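What follows is a set of notes on a single structure, which appears directly below.
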Amino acid sequence: SATNSKTVTITGSALKDANKLYSILGSVATSSETTLTISTKQELINFRDRVNAGETELNVELSSDIDLEGSENNQWVTIKEYGGTFNGKAFTISNLYINNTENEDNLAFINTLNNGIIKNVRIIGNVSGSKNIAIICVNNIDGIITNCITEGLLTSKNISTYTPTN
């Protein structure tokens with residue numbers, strides 16, 4: 001008897017619906033191999049907006065240096081949570097600027113890296129906030145940050161100290 005074989009490749013935000021498709025098709029092969037190539041400030045902003053709208057596992061490769069042209073009137077909005085692969089390919093993101101006067105914390109290029117990868121990128125910028133600030137990433141949950149360089153100024157309005165206990 002002949003077998004009826006179905007192969008489906010799912011990418012991007014559709015990965016979250018793989019379980020639903022499994023119940024319909026019986027077998028689903030998943031992949032997140034789609035990679036966005038980013039070369040401009042606007043493409044980086046579009047990527048950020050897609051991630052903040054729920055497409056948290058998008059994969060990215062930079063193809064040129066990007067100047068965010070950050071200023072008081074042109075501030076970066078932090079990527080809330082990211083779980084894809086961000087490969088800077090040795091390019092630089094410059095003039096990241098965040099100056100939060102609302103006492104918000106967890107401010108950086110990316111707030112939370114959740115099982116994602118950030119690699120091969122240099123980010124130059126200034127970040128000011130209440131607490132928990134960074135240039136690349138504030139919170140790392142089982143993610144990997146490798147071969148990255150940061151330059152800039154971090155200014156925290158609330159300074160706390162940690163004293164380890166034995």
Side-chain angles (χ1 to χ4, degrees), residues 11-13 15-16 32-166:
T11 61
S13 63
L15 285 171
K16 295 186 189 306
S32 60
E33 295 304 314
T34 301
T35 300
L36 301 174
T37 300
I38 294 178
S39 63
T40 68
K41 171 185 165 185
Q42 190 57 54
E43 289 172 342
L44 189 60
I45 289 168
N46 292 346
F47 158 74
R48 176 205 60 206
D49 292 346
R50 287 178 65 183
V51 172
N52 283 346
E55 293 182 78
T56 60
E57 296 181 3
L58 292 173
N59 295 322
V60 167
E61 288 185 350
L62 296 184
S63 62
S64 69
D65 293 332
I66 297 174
D67 184 350
L68 290 176
E69 303 171 335
S71 69
E72 198 62 40
N73 295 321
N74 186 30
Q75 296 192 38
W76 179 255
V77 175
T78 300
I79 295 170
K80 297 173 191 169
E81 184 171 326
Y82 182 63
T85 297
F86 189 101
N87 186 352
K89 297 186 77 176
F91 290 106
T92 298
I93 297 171
S94 60
N95 293 309
L96 171 77
Y97 186 85
I98 303 171
N99 182 17
N100 189 285
T101 58
E102 304 294 321
N103 291 324
E104 186 176 342
D105 54 1
N106 295 318
L107 300 172
F109 181 71
I110 296 173
N111 174 357
T112 301
L113 182 64
N114 191 351
N115 291 302
I117 299 170
I118 303 170
K119 63 183 181 178
N120 308 320
V121 67
R122 176 180 179 214
I123 301 180
I124 302 170
N126 296 319
V127 179
S128 299
S130 178
K131 59 182 179 176
N132 301 331
I133 58 174
I135 290 184
I136 291 183
C137 177
V138 176
N139 302 297
N140 185 354
I141 302 170
D142 296 324
I144 297 170
I145 301 173
T146 185
N147 199 29
C148 295
I149 299 169
T150 61
E151 295 177 38
L153 178 65
L154 298 174
T155 306
S156 176
K157 296 175 185 170
N158 298 318
I159 297 173
S160 60
T161 59
Y162 170 72
T163 305
T165 56
N166 293 335

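Bear in mind the structure is a predicted one, so any value in this text is a computation, not a measurement.
- The CG atom of N95 sits 8.5 Å away from atom CG of N126, with the distance rounded to the nearest 0.5 Å.
- Expressed to the nearest 0.5 Å, how far OG of S128 lies from CD1 of I98 amounts to 9.0 Å.
- Closest non-hydrogen pair, E151 versus I135, comes out as O-CD1, 3.3 Å.
- Looking at every heavy atom in both residues, S156 comes nearest to S130 through OG-O, 3.0 Å.
- In this structure, I123 CD1 and I110 CD1 are separated by 7.0 Å, a value rounded to the nearest 0.5 Å.
- Side-chain contact check for L58 versus V51: some heavy-atom pair is nearer than 4.5 Å.
- Of all heavy-atom pairs spanning I66 and I38, the tightest one is CD1-CG2, 3.6 Å.
- When all heavy atoms are compared, the tightest approach of L107 to V127 is O-CG1, 3.7 Å.
- The environment of NZ in K41 is crowded: more than 12 heavy-atom neighbours from other residues, nucleotides or ligands sit within 6.0 Å.
- Distance check: I133 CD1 to L154 CG gives 5.0 Å after rounding to the nearest 0.5 Å.
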Self-check item: Residues D65, D67; criterion side-chain contact (heavy atoms from CB on, under 4.5 Å); working and verdict
Solution: CA-CA 7 Å; D65 293 332; D67 184 350; over 6 Å; no
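- Side-chain atoms of E69 and Y97 form no donor-acceptor pair, as typed in the model, at a separation below 3.5 Å.
- The shortest non-hydrogen separation linking E81 to N114 is OE2-ND2, 2.8 Å.
- In terms of heavy-atom proximity, T35 sits nearest to V60 at CG2-C, 4.0 Å.
- Atom CG in L62 sits 7.5 Å away from atom CG in N87 (nearest 0.5 Å).
- Distance alone, capped at 3.5 Å, places no donor-acceptor pair between the S39 side chain and the S63 backbone.
- We find the CD-CG distance between Q75 and L96 to be 10.0 Å, quoted to the nearest 0.5 Å.
- In this view, R48 satisfies the side-chain hydrogen bond (donor to acceptor under 3.5 Å, both in side chains) rule with no residue, not counting sequence neighbours.
- Tested against F109 for a ring-ring contact (aromatic ring centres under 6.0 Å, His included), the candidates F86, Y82, F47 yield a single pass: F86.
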Practice problem: Applying side-chain contact (heavy atoms from CB on, under 4.5 Å), run through T78 and N106 and close with a yes or a no. | Solution: CA-CA 9 Å; T78 300; N106 295 318; over 6 Å; no
